[in-house]
Amino acid sequence: MKIATYNVNGVNGRLPVLLRWLQETQPDVVCLQELKAPQEKFPEEAIRDAGYHAIWHGQKSWNGVAILSRFGEIQELRKGLPGDDEDTQSRYIEAFINGVVIGGLYLPNGNPAPGPKFDYKLQWFERLKLHAAGLLARDIPVVLTGDYNVMPTEQDVYKPERWVDDALFRPETREAFKTLVAQGWTDAIRKLYPTETIYTFWDYFRNAYGRNAGLRIDHFLLSPQLDKRLVAAGVDKQVRGWEKTSDHAPVWIELADE
DNA sequence: ATGTCGCTGTGCCAGCGA
């Protein structure tokens with residue numbers, strides 16, 4: 001079972017790139033972030049024609065998350081992260097697919113920091129930790145994947161000293177990610193590639209991709225049941241070099257059948 | 001401080017978020 005995550009940065013503007021990538025790499029399940037489309041403007045038909053069922057939580061202009069699957073109807077578990085009825089941003093969607101709970105998330109960016117946006121990021125992180133702990137307690141196979149907007153360690157940033165005050169790399173942010181993982185999750189990419197430089201995002205500015213000035217901010221966290229089944233993982237880096245592409249590249253894992 | 005995108009509405013450019 002191959003599961004991918006891809007921050008598309010506009011699902012309609014990115015549709016040709018998304019469809020080409022789906023066709024070429026054939027993932028079984030895909031979590032998408034930054035749809036930047038209201039609920040009624042999700043390109044359901046084009047995605048169905050490509051062979052995928054979809055559920056999505058849209059929002060006008062910003063945010064928006066989706067889950068695509070090649071395995072028949074998707075059993076939706078929730079839209080939105082619990083813990084704050086006032087939060088109207090579309091950043092979390094969860095489904096049960098082929099025996100696995102799949103949580104797709106788009107964690108807040110948090111810049112500028114400090115400030116209200118950074119406070120929102122840390123609060124969202126706390127809500128995610130509560131929800132994640134509840135999932136772990138159920139002893140079921142779970143993957144929490146998406147754009148975490150966190151570089152976990154200095155190894156995950158092309159130039160760490162330039163990012164120490166940024167919301168994606170501040171000590172509070174790294175600490176939040178670390179305590180989340182410490183609940184019992186496995187960072188799938190780091191498990192398979194403990195010492196390699198791996199990036200999933202390159203800024204549009206200053207030829208960042210050409211200089212490989214990247215960040216690793218898209219992650220897969222696996223529950224213990226899935227940690228045992230992890231057989232491969234990677235970044236489809238070439239997609240970042242295509243015309244009209246997102247600033248993120250797709251990331252994927254392969255799980256062994258039970 | 002800057003850069004480059006995608007989106008929206010004030011609408012064919014400017015402002016916002018990233």
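Since this is a predicted model, take the numbers as computed values, not measurements.
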Worksheet item: Quantified in whole Å, what is the C1' atom distance between nucleotide dC16(B) and nucleotide dT10(B)?
Response: 14 Å

Worksheet entry | Residues Lys36(A), Asn9(A); criterion side-chain hydrogen bond (donor to acceptor under 3.5 Å, both in side chains); working and verdict | CA-CA 7 Å; Lys36(A) 290 185 168 181; Asn9(A) 189 17; 2.9 Å; yes

Worksheet item: Can you list the other members of the hydrophobic cluster that holds Leu22(A), where links are side-chain heavy atoms under 4.5 angstrom apart?
Response: Tyr6(A), Val8(A), Val11(A), Leu15(A), Val17(A), Leu18(A), Leu19(A), Trp21(A), Val30(A), Leu32(A), Leu35(A), Phe42(A), Ile47(A), Tyr52(A), Trp56(A), Leu68(A), Val239(A), Trp242(A)

Discussion item. Both Gly13(A) and Arg162(A) contact DNA chain B. Which one's nearest nucleotide lies toward the 5' end?
Written reply: Arg162(A)

Worksheet item: For Val231(A), which fellow cluster members are found when Ile, Leu, Val, Met, Phe, Trp and Tyr are connected by side-chain heavy-atom distances below 4.5 angstrom, either directly or through intermediates?
Response: none

Worksheet entry | Separation of atom CG in Asp166(A) from atom C1' in dG3(B), rounded to whole Å | 15 Å

Item to complete: Scan residues 175-186 of chain A for pairs that pass side-chain hydrogen bond (donor to acceptor under 3.5 Å, both in side chains), counting only residues two or more places apart or in two chains.
Response: Lys129(A)-Thr179(A), Gln183(A)-Trp185(A), Thr186(A)-Asp227(A)

Practice prompt. Check the distance between dT2(B)'s C1' and Arg211(A)'s CZ and give it to me in whole angstrom.
Written response: 12 Å

Worksheet item: Please give, in whole Å, the distance from dA1(B) P to Arg206(A) CZ?
Response: 13 Å

Worksheet item: What interatomic distance, in whole Å, is found between P of dC7(B) and the corresponding atom of dG3(B)?
Response: 22 Å

Fill in: Atom P, compared across dA1(B) and dA14(B): separation rounded to whole Å
23 Å

Worksheet, complete the sentence: Residues at least two apart in sequence or cross-chain that pass salt bridge (charged side-chain N to carboxylate O under 4.0 Å, His left out) with Asp247(A), listed by chain then number, are none

Worksheet item: CZ of Phe201(A) versus P of dG3(B): gap in Å, rounded?
Response: 17 Å

Practice prompt. Scan nucleotides 8-18 of chain B nucleotide by nucleotide, 5' to 3', and note B when protein non-hydrogen atoms come under 4.0 Å of the base, S if they reach only the sugar-phosphate, - if neither.
Written response: SS-------BB

Worksheet entry | Interatomic distance where CZ belongs to Arg240(A) and P belongs to dT4(B) [whole Å] | 13 Å

Discussion item. Please enumerate all residues that pass side chain to side chain donor-acceptor pair (under 3.5 Å) together with Asn7(A), with sequence neighbours excluded.
Written reply: Glu34(A), Asp147(A), His248(A)

Practice prompt. With C1' as the reference atom in both, quote the distance from dG6(B) to dC12(B) in angstrom, rounded to an integer.
Written response: 16 Å

